[in-house]
Colleague: 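Below is the structure I would like to discuss, written out as structure tokens.
Throughout, numbering of the chain's residues begins at 1 and tracks the sequence. Treat the numbers as computed from the prediction; the structure is a model and nothing was measured.
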Amino acid sequence: MRSGQSSACGKSVSVSGLGGSGVGTTGITMSCVLVPFGRFQDLEAARDFLCPHRRQGSAAAGKDSAGKSTSWEDGGWGGWDEAELQEPEEEESNSKNQRNYWLQDCVLSLSPTNDLMVIANEQKAVFLVSKWKHSDKGKEEMQYAVGWSGSLNVEEGECVSSVLCIPLASQKRSSTGRPDWTCIVVGFTSGYVRFYTESGVLLLAQLLNEDPVLQLKCRTYEIPRHPGVTEQNEELSILYPAAIVTIDGFSLFQSLRACRNQVAKAAASGNENVQPPPLAYKKWGLQDVDTIVDHASIGIMTLSPFDQMKTASNIGGYNAAIKNSPPAISQYVTVGSNPFTGFFFALEGTSQPLLSHVALAVASKLTSALFNAASGWLGWKSKHEEEPAPKQKPKVEPATPLAVRFGLPDSRRHGERICLSPCNTLAAVTDDFGRVVLLDVTRGLAVRMWKGYRDAEVGWIQTVEDLHERETEKMDFSPFGNAQGPSRVAQFLVIYAPRRGILEVWSTQQGPRVGAFNVGKYCRLLYPGYKIMGLNNVTSQGWQLQTYQICLVDPVSGSVKTVHVPFHLALSDKKSERAKDMHLVKKLNALLKAKTSDPDLIEAEAKELILDIKYPATKKQALESLLTSERVPLSSLTSITQTLVDNLKKQELECVDEGLLQFCANKLKLLHLYELVSKLNSQSIQEDVPPSDNDLAKLLRLEEKDFHRLETLLENYRKGNTQTTVQFADGKDDVLSVRMFLEYLEYEKDMINVKNMEDGEYVALGSFFFWKCLCGGSSAEEMCHALESAGFSPQILLSLLLNLWLSKEKDILDKPDSVSCLHTMLSLLSKMKVAIDESWDTQSVSPWWQQMRTACVQSESNAAALLSAHVGHSVTAQIIDSVTEKKFSQIIVGSDTESWEALSLDTEYWKLLLKQLEDCLILQTLLHSKVSKRTKRVSSLQTDPLGRLSVKKLLEAGKGGIADTVAKWVFRQGFSPLVLNLAQQKANTDSTEESEEMYANIFLEEPEADAGLETILDLLQIAYQQFPCSLEVDVLHAHCCWEYVVQWNKDPEEACFLIRSIDHLRCIINAHVQHGIALMMWNTFIVKRLSCATYLMDKVGKAPKDRLCRRDVGMGDVAMTAFLGCCSELLQTLLEADVSSDEMQAPVLDTEDAWVAVEGPVSIVELALEQKRIHYPLVEHQFVLCTILYAIMRFSLKSVKPLSLFDSKGKNAFFKDLTSIQLLPSGDMDPSVLSIRQQFLVKVVSAAVQALCSSQKAKEVSEEELFPFEKGRNWPTLAVDLAQYLQISEDVIKRHYVCELYSYGMDHLGEEAFLMVTDKEVLASQLLILAGQRLAFALLHVQTKEGMELLARLPPTLCTWLKAMDPQELQNVEVPIATTAKLINKVIEHLPENHGQYSLALNLMEAVESISSS
């Protein structure tokens, strides 16, 4: 055996060895590269689910050592120091964060098509599905997100021991050879092998052996590389401690397809039952081996006649019989102990395939794939069900004995893993001694050994030579020297050593190490060794899927990486010209990184190195490294590129690579262009005198008043605009490095194209060309001529100019003269060839001007877009005038042409766009404005920034888009709806008394109102005038109402949003709009929460606590109280709107002329007008319930079940569609229900009077602050109205109200309420008792001397009556005796003389007079 350490002097190739030459720039990789191809979206969640014991602690630990993916670099021909790779003598300390090692405990598998990854630990598993998403940097990347997670165990105590993700080929003609779906195969310690879909649905389960499953491996179809190579069948092999089972791939493929179809049919109908074909498998009992831990199925091999005779002699001796044709043999290699590796050979045809009945795991009803609760699936029941009989395991077929043929005996060595190479000739084996052994499986020999790789994981990479990369030489007679030779294949062994955190790539069999990477100690290396199942020699050729061969999962950085190894690294150093070229490239990279400051020295060495390189592709890469270097000056780059071009032109024509020559020539042209542009930017010209306002007005073809209006609009916009602009690090906008310049541009057919890049880079390129010209610092004519001569199309230059202009809005507004510079630039670009088509006339639309208008329409820089549109309109008119003059010059002299005006379709489009941009600018200025002081608490929803507007956004926002935008702004400012009404009145008329009063009310209601409100009113007034239809006051209130209720729905705790929404709703004047909006609010946001609140309150029988409110309704008790009040107000508004709508017509919704082309969603107002009319009695019925609910919450009433106040008809009618006709209660009500209703109303009145008394005592807390709807809400009056609907005598409620007022000692209010009572005689008798209670308290409970004497003089009848009175029933006993005297007088006044208590009242009056006189 040969030690791998002795050959560690091979080429030192790593990521850093590329020297920044950019693998992506050339498309050719010169060295090993570790390439990330995916990331995990939330790997920590998967870890916490699979390994809950590792949940504590920080995942950040270990990143310093594990998160680096830099690799080792060596400038020479192969000098890694051997000491760097020695195994550390001491084990890592226990203080290391063990949290990052969780992946080592798990079973992993990634589908070769990269679309599915499975991570399992014990009974749990997580299925991760790949999705393409934008990363934080804005680039699209593949991310693995959790698609399914749960427990897979069915048998008690079983755990997952092995997993495979096998993609299955599609059978459709349109996608032949492509993967259709991925099957997850899971082996368990119980012996079961189960097959699942990507969504976790169990397809089938097999128990082929009762021992634990040790390993699952798969082989898929590969086209034989040579005619003599045996074609291998597809198979799935399952390893048990003493047996190996191989399932035929074709049989498995058909069964899985049938089971999956069964799942689909069961999901669709529930009663399909299609029996899939049975599985064909072979089962071998492995003998004469102590332990087996892993295996490799080599496949079918055919012996040569000599090997056949040798094998027969070894087995049968001298007299062994030999068949005429060599038999086909299946070979298996196992690793374990005694022997360390065992070789088994099974003759094909000696054992008949066994047939298994597929255990379908599909019932008529599909359930979730959480298998613990998957009851009713074939073979097992839910754990919660009682099993009628013990579960019967399937019959297990006996194994066919198979003795080990030979092996590598090593009693002390125990094998751990075996990994077969893609060509089935080599295998890598790891052992417990920290060695990696390379086996030649054909000869049964160990051909190489690597030391110092404890716990290593191995895999293979097979690289095919690209025939186009071969160097074509004139005198090369090698069979591989031309492009017609066959492609060679090289195999590389990848070893991951977790103890050292290093990933190595070795050339096999005896080649050097060709790559190494520091990757961290917590990774897992995955090598499936198979591709797509279900292909054959025809379908596998139709479509080449990009499958990975090997990948590295890094849990610390959350990334998935693969290794790319170029073919030439397999060639020996002496014979590989490419290896020498690669060394020269590395030397060039080292030169560019060196600290040498002499540019002449760098230039000379770089020329020599580039000319020494043989391969054109490598030469191109070297030149790219030079051109992307920041350290090489422009002169040196030009000189080196020119030298290379001259050298190529001197060579013989057939030896010159045309692609390289063209590449060099194009780069040289770009370098010359960069030099010319830099020279023009450096030249300073004498700046002209800034143009006056009149000059600019003439330039833009505007009247003086129009120009001043434009100036005012721009000034208002500039004051409020705080948009950040593109800034450059060096502070100079016209400076661009050569490297970036070359990166942005490319030549194609003598024309310069700009590559796809980010907006900031596009602006930087345009700034390099045009910013100095726009500032008036350089000649626009010379710049345009230079760029046109270089090969730029006018369209690209126009795009660069407009992007620059639109991104520099802040600078442009500070430099008014830049408008004239833009006019000059645009005129020059328009005069270029192919800018404006020669066939263009005034009756057609020019693509040139359409390109400019499109840029303005899409731009969110409204002021810059408006100015550029004015310039574009002016230049268009100028060109049209010149064209018209040429035509008219041919007309006979004497005709009257002076009064003619040149019209064109483009001019009309410009006028339309100017109106739209002006509207957009005014709207954006309004959105910038804000109230400067906000004393009230601001919700986080109100702090979200508003997006910037563009004409395109408004055109796509639908008819209600403008009002919706303003409504979002109103919501974020949070001011009163009165502000909108006041601005509307100011827009319609001058200041009136009504508007002044409203303005004063705003200042009283809005403490934050200040001078900023005056500005907002002015801007709103301008917006109203600009948008008379879109911002009509009803339309705006409707959108504000909807915006507030939408935001409230996001955070129901913010009850003020719903209250403000109702405020806006009540401000809508047109009843049809008000009716529709209210009904939509009810159906969309209110009714569901209200039903939850109703059933909760009915269940608890009182006002529920905060916790219950949050659980059932999604808001706290205070917010729910306000919510119920809002519901009551909403229904009241809906009822009023329904009545008012009969008296007015529905509004006609118009759109401004400039915005008739809007497309998009239907506006809220249009939807509102489409709503059906409500059923008035049903809404009234619902309103009564809302009022009852609000009263219960408002006064915290107890022992009240709101639904008990209604009969069955009434209950059934609640929460139904308000436009439907429901069966409502009618006729006489059940007396028991009436009794409950009366008790409830009495409670409400009592609570209302108590609240009134409390509010008068505690003046510091206003009722209106706690309950916003208390303003204008008279609860006793409301209770009387409810009594009328609930069929309760109104007079009973009124009398109770009066009694309660007197009970609380509020006699002055009681006297007012007394007048409302109809039956005053009954009320007088009730008040007599109340007066008696007051007198009883004064005489009996106070017990003064005078009182006792008076009591002795009272008539016995009165004295007995007073003693029967209970003063504790009074809420307030401390009432002046004079007030009580008034009360008794009122009683005597309303009691008839023949009343039974009249004499009692007179006696009472005498007693009171006696007390007051004493």
Colleague: Could Arg709 and Glu918 be called an ion pair, given the rule that one side-chain N must be under 4.0 Å from one carboxylate O?
Modeller: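 Salt bridge between Arg709 and Glu918, a charged N being under 4.0 Å from a carboxylate O: yes.
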Colleague: Looking at residues at least two apart in the chain, or sitting in another chain, which of them share a salt bridge (Lys or Arg N to Asp or Glu O under 4.0 Å) with Glu715?
Modeller: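 In terms of salt bridge (Lys or Arg N to Asp or Glu O under 4.0 Å), with neighbours along the sequence ignored, Glu715 is linked to Arg718.
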Colleague: Give a yes or no on whether the backbone of Pro794 and the side-chain of Glu788 come within a donor-acceptor separation of less than 3.5 Å.
Modeller: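 The answer is no, because no donor-acceptor pair under 3.5 Å joins these two groups.
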Colleague: Hey, are Thr638 and Glu675 close enough side-chain-wise for a donor-acceptor pair under 3.5 Å?
Modeller: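 No, because no side-chain N or O of Glu675 sits under 3.5 Å from a partner of the opposite role on Thr638.
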Colleague: Indicate whether any N or O donor in one side chain lies under 3.5 Å from an N or O acceptor in the other, for Ser1030 and Glu1152.
Modeller: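 Their side chains do contain a donor-acceptor pair, which is all the 3.5 Å distance test asks for.
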Colleague: So how far is it from Lys968 NZ to Gln1047 CD, rounded to the nearest 0.5 Å?
Modeller: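 It is 7.5 Å, given to the nearest 0.5 Å.
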Colleague: I'd like to know if the side chain of Glu748 pairs up with that of Asn753 as donor and acceptor (distance under 3.5 Å, no hydrogens or angles considered).
Modeller: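 Yes, side-chain donor-acceptor contact under 3.5 Å.
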Colleague: Is the Phe663 to Tyr747 ring centre distance short of 6.0 Å?
Modeller: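 Between Phe663 and Tyr747, the centre distance exceeds or equals 6.0 Å.
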Colleague: Are the side chains of Cys856 and Leu913 in contact, using a 4.5 Å heavy-atom criterion?
Modeller: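 Yes, at least one pair of side-chain atoms sits under 4.5 Å.
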Colleague: Got a sec, which residues hit side-chain contact (heavy atoms from CB on, under 4.5 Å) with Glu630, two or more places apart in sequence or on another chain?
Modeller: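 Per chain and number, Glu630 pairs via side-chain contact (heavy atoms from CB on, under 4.5 Å) with Ser737, Arg739.
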Colleague: Quick one: do Asp693 and Lys698 satisfy salt bridge (Lys or Arg N to Asp or Glu O under 4.0 Å)? Show the steps, please.
Modeller: CA-CA 9 Å; Asp693 287 355; Lys698 289 180 181 177; over 6 Å; no
Colleague: Could you tell me if the ring centre of Tyr674 sits under 6.0 Å from that of Phe768?
Modeller: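 Between Tyr674 and Phe768, the centre distance is under 6.0 Å.
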Colleague: Using atom types as modelled and distance alone, determine if a side-chain donor or acceptor of Glu782 lies under 3.5 Å from a backbone N or O of Ser779.
Modeller: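 Not a single qualifying donor-acceptor pair exists.
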Colleague: Considering all heavy atoms of both residues, which atom of Asn681 and which atom of Met783 are nearest to each other, and what is their separation?
Modeller: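 Heavy atoms of Asn681 and Met783 come nearest at OD1-CE, 3.6 Å.
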Colleague: Would you say the side-chain atoms of His823 and Ser874 include a donor-acceptor pair closer than 3.5 Å?
Modeller: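 Yes, because at least one side-chain N or O of His823 sits under 3.5 Å from a partner of the opposite role on Ser874.
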Colleague: For salt bridge (Lys or Arg N to Asp or Glu O under 4.0 Å), just list the numbers for Lys953 and Glu860, CA-CA rounded to whole Å, side-chain angles, deciding distance to a tenth of an Å, and then say yes or no.
Modeller: CA-CA 9 Å; Lys953 285 183 180 178; Glu860 295 177 0; 2.7 Å; yes
